[in-house]
Amino acid sequence: GDESRDITDTLGMLWGAGLILRHTAWKKLEAAGFRFTLSDRKGASLVSGGDSELCLALRRAGWRLWYEPRLMFEHFMSQARLEWAYCRRLLRGAGFATPSLDPYYTHFFQAPGVRLVLRRNWAYQVLRTLGTLGAYPLKMIAPDLCLREGDPDAVKVETLLGRLTSLLAERGHYTNRFREIDSWGWHEARPSVP
């Protein structure tokens, strides 16, 4: 974008690269009990999302997110990071992170009653993900054969496959994560109003 603006309620996320954080905000999150579930890419693993988790935690604690176009940096990438195989792995890694972000999103988009209970339910999330993947049966079953370079379905399919893999790995912990995050002292992390 070309203009400085508050993006808390529109885009709601900032990229970790080039992100500046108020020390006060971080200290208040720490004091409230916040701890990262996600990190950023390490070694060969392309699972990331630490920046998204931080932005969502800041929002939940009442902080605002600001975009500033004057903040610029150069990011050099190797040729390997521009290849189709890397892109697919990156998308799958992004999808793998999504179940860890669900407790934050559910807080912002709370639906009343049964819908809220379902959004916090592991089995429902697995079935919902499988249902969405069902629109791409061949690409879901054999992505290496069916997702050709530039296929617009790759973003959806790879992200959903990553999400499904993560959900299956989190079977016994998914619901506990909601309780854990809900128990943090969010009121203590709220910025003081002048």
Is there a donor-acceptor pair under 3.5 Å between the side chain of [X] and the backbone N or O of [Y]?
{"X": "T8", "Y": "R64", "value": "no"}
{"X": "R148", "Y": "L145", "value": "yes"}
{"X": "W184", "Y": "A189", "value": "no"}
{"X": "W122", "Y": "L167", "value": "yes"}

Name the orientation class of the two ring planes belonging to F36 and F34 (parallel below 30°, tilted from 30 to 60°, perpendicular beyond 60°).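 Judged by the thresholds at 30° and 60°, the geometry between F36 and F34 is perpendicular.
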Salt bridge check, R120 against D182: does any charged N sit closer than 4.0 Å to a carboxylate O? yes
Do the side-chain N and O atoms of [X] and [Y] include a donor-acceptor pair separated by under 3.5 angstrom?
{"X": "R163", "Y": "Q125", "answer": "yes"}
{"X": "R81", "Y": "Y86", "answer": "yes"}
{"X": "Y174", "Y": "N121", "answer": "no"}

Heavy atoms of other groups near [X] [atom1], more than 12 under 6.0 Å:
{"X": "W15", "atom1": "CH2", "answer": "no"}
{"X": "M77", "atom1": "CE", "answer": "yes"}
{"X": "R171", "atom1": "CZ", "answer": "no"}

